[in-house]
Structure formats: C-alpha cells, structure tokens
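Positions are given from 1, in the same order as the sequence printed here.
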Amino acid sequence: MNIPKGLIVSCQIEPGSSFAWQDVYKFANEAIRGGCVALRIRGCASVYEVRKRVDHPIIGLTKGEHEDGTVCITPSFVDAMSLVESGADYVAVDATGRSGYGHIKRMHEEGVKLIGDVSNFDQAQSAIESGCECLTTTLSGYTKDCEYSEEPDYKLLEELVSTNIPILAEGRYWERDQVKKGFDLGAHNVVVGTAITRPHLITKRLMGTFSE
C-alpha cells in the first residue's frame, strides 16, 4: 500500500446536509492543510471533484444498504470500477462476506487496489485471499456479526494487526488519545470522519445529546 503512515480523514456529504456534494473538496483541502496523509471520499461525483484539486491518495467508496438493513460499502463491481474511473486510488469494499467474495475477486482481477472493511476477525482471511491488500475496522459495530460499543474496537484492531498487512483503524475515533492508542496498537493509519467533518454531530456531542 502506498499510503504513508498517518491520519486519514473521511470527507462525506450526507443527505440533509447544508453542504452540497461539490463542497467536499473544501473539507478535503482543510484536512490536507492540517496534515492528513490521505482521504476517504464517498461517491463518484465527490471523488471526481476532489481528484481535480488534490494529489493526496483517495480511498473511494459508495454506500448501500444490505438486505438486513445494515450499511454495505461499495457493494458491486460496477461501483468499484466507477470509483476508479472517477479518480480513486483505492476502493474501500465491504469484506464482511454478507454478499460473498466473488465480486471482490473480480475487482482484484481488474487491478483495483482494494481496502477491505470488516466487522470481525473471522472475515479477515477471506478478505485477504480475495485480493484486499489492507483491512479496516470500519464496520465493527455496524453489522449483525458484532456488538456495538461507543469506544473504538481496539480488540479487533489488535487481531487484525496480527495478519501482517497494513491495517486502518476506523470507527468512533473522537479523541487524540484514542488516535494515539490506535497507532500504538499497530495501526498503519487511523481514519477519522465524524469528529472532523460532521458539524451537527460535533455540536450534539459537545451538548451531550449525541449517541451514534
């Protein structure tokens, strides 16, 4: 993986936001100004807008909904190829196995650089064998295969680090000490999104009214 060690910032414009999807590059530029080493960007249009303006590595993704109602990351081969065509250097893909691994293998065969989002350690080996060159803890707490916690999933991070491929720690990293702990446990990168780029949830959290 050609992403240097450091902080990655996830910049996503969600439905209902006052920001338009064209504004995502502004979040990206500010994150770069602050020292992030790469960006995680949702949606082909947003990836395209950011790619026109920055040279930093971009991890592209799309979000869908699995049949059980939980979130699914880049669920199809077509999505992955569209992200690459839009300028993504890497594609984050749901590697939980809920939709099998055939589409992931096909992405890999087409030369897509894949980052596998998993929710537990049992999924790691299948993700790696299917072509994921690194893994993330992104989906921990967000599938029916695992329990939710308000803290980052440090246990899963430690387990994944044992696979000896680059591991990205993501999910509920809000505080500086949490980010530091992620790196101390062996994460190649820590990915932070909500705590930086979702002002309404930052406000709610400071008011004590936010629970993810």
Side-chain angles (χ1 to χ4, degrees), residues 3-19 21 23-43 46 50 56-61 63 70-73 90 92 94-96 115-121 123 134-161 166-212:
I3 298 175
K5 291 186 176 182
L7 192 72
I8 295 174
V9 176
S10 178
C11 305
Q12 302 181 34
I13 305 300
E14 60 190 347
S17 173
S18 297
F19 297 101
W21 62 264
D23 295 325
V24 70
Y25 80 89
K26 297 177 183 178
F27 279 114
N29 283 342
E30 288 301 290
I32 291 170
R33 189 159 72 108
C36 79
V37 298
L39 303 157
R40 184 168 161 122
I41 307 292
R42 174 185 178 182
S46 291
V50 175
H56 275 49
I58 294 176
I59 303 169
L61 67 139
K63 277 188 181 179
T70 54
V71 67
C72 188
I73 305 296
Y90 297 85
D94 192 309
T96 63
I115 295 178
D117 293 352
V118 301
S119 62
N120 63 51
F121 184 68
Q123 300 153 1
C134 64
L135 301 175
T136 81
T137 59
T138 305
L139 290 174
S140 173
Y142 299 106
T143 74
K144 296 185 177 180
D145 298 322
C146 53
E147 295 183 1
Y148 177 82
S149 169
E150 292 187 0
E151 286 287 307
D153 193 339
Y154 299 120
K155 180 176 182 294
L156 177 58
L157 174 58
E158 288 184 279
E159 291 173 333
L160 292 177
V161 166
I167 303 300
L168 280 59
E170 181 174 8
R172 303 177 295 281
Y173 283 85
W174 278 92
E175 307 290 350
R176 184 178 179 183
D177 62 338
Q178 293 173 329
V179 173
K180 181 179 184 301
K181 184 171 182 178
F183 284 118
D184 288 345
L185 290 174
H188 187 275
N189 299 93
V190 176
V191 184
V192 179
T194 296
I196 296 175
T197 61
R198 298 175 79 186
H200 69 296
L201 293 184
I202 298 169
T203 302
K204 285 186 174 183
R205 182 170 181 270
L206 292 173
M207 293 173 61
T209 58
F210 170 62
S211 59
E212 194 168 12

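- Nearest heavy atom pair, residue Thr70 against residue Thr143, reads CG2-CA, 4.2 Å.
- Ser140 meets the side chain to side chain contact (heavy atoms under 4.5 Å, CB included) test with Asp153, Leu156, Arg172; sequence neighbours excluded.
- Shown here are the side chain to side chain contact (heavy atoms under 4.5 Å, CB included) partners of Tyr25, two or more places apart in sequence or in another chain: Asn29, Val50, Arg53.
- Of the inter-residue distances, the one linking Lys155 atom NZ with Leu185 atom CG reads 13.0 Å to the nearest 0.5 angstrom.
- Interatomic distance, Trp174 CH2 to Thr194 OG1, rounded to the nearest 0.5 Å: 6.0 Å.
- The shortest non-hydrogen separation linking Cys134 to Pro166 is CB-O, 2.9 Å.
- A donor-acceptor pair under 3.5 Å is absent between the side-chain atoms of Thr137 and the main chain of Ala169, judged by distance alone.
- Closest of all the heavy-atom pairs between Pro57 and Ile3 is CB-CG1, 3.9 Å.
- Judged by distance alone, with hydrogens and angles left aside, the side-chain atoms of Gln178 form a donor-acceptor pair with the main-chain N or O of Glu175 at under 3.5 Å.
- We find that Asp177 and Lys181 are not joined by a salt bridge, their nearest charged nitrogen and carboxylate oxygen being 4.0 Å or further apart.
- Shortest non-hydrogen contact noted between Asp117 and Arg40 is OD2-NH2, 2.7 Å.
- Counting heavy atoms from C-beta outward, His188 and Ile167 have side chains that stay 4.5 Å or more apart.
- Put simply, OG on Ser149 and OH on Tyr154 are 9.0 Å apart, with the number rounded to the nearest 0.5 Å.
- Between Val71 and Lys63, some side-chain heavy-atom pair lies under the 4.5 Å cut-off.
- Side-chain contact check for Thr96 versus Leu139: some heavy-atom pair is nearer than 4.5 Å.
- Note that CD1 of Ile8 and NE2 of His56 are 10.5 Å apart. Values are rounded to the nearest 0.5 Å.
- Arg42 pairs by the salt bridge (charged side-chain N to carboxylate O under 4.0 Å, His left out) definition with nothing, not counting sequence neighbours.
- In terms of heavy-atom proximity, Tyr90 sits nearest to Ile115 at CB-CD1, 3.8 Å.
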Next item on the list: For the pair Leu7 and Val192, evaluate side chain to side chain contact (heavy atoms under 4.5 Å, CB included) and give the outcome as yes or no after the intermediate values.
Entry: CA-CA 7 Å; Leu7 192 72; Val192 179; 3.7 Å; yes
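- Here Arg33 pairs with Glu30 under the side chain to side chain donor-acceptor pair (under 3.5 Å) rule; sequence neighbours left out.
- A heavy-atom distance below 4.5 Å is not found between the side chains of Leu39 and Ile59.
- Of all heavy-atom pairs between Ser10 and Gln12, the closest is OG-NE2, 2.9 Å.
- Considering only heavy atoms from C-beta on, Val191 stays 4.5 Å or farther from Tyr173 through its side chain.
- Residues that satisfy the side chain to side chain contact (heavy atoms under 4.5 Å, CB included) test with Cys72, not counting sequence neighbours, are His66, Pro75, Asp94, Arg98.
- For the pair Val9/Thr197, a side-chain contact is recorded, criterion being any heavy-atom separation below 4.5 Å from C-beta on.
- Here the side chain of Thr203 pairs a donor or acceptor atom with the backbone of Pro199 at under 3.5 angstrom.
- Looking at residues two or more places apart in sequence or on another chain, you find a ring-ring contact (aromatic ring centres under 6.0 Å, His included) between Phe19 and Phe27.
- How far CZ of Arg198 is from SG of Cys11: 12.5 Å, rounded to the nearest 0.5 Å.
- Taking NZ from Lys26 and CD1 from Ile13, the interatomic distance works out to 10.0 Å, rounded to the nearest 0.5 Å.
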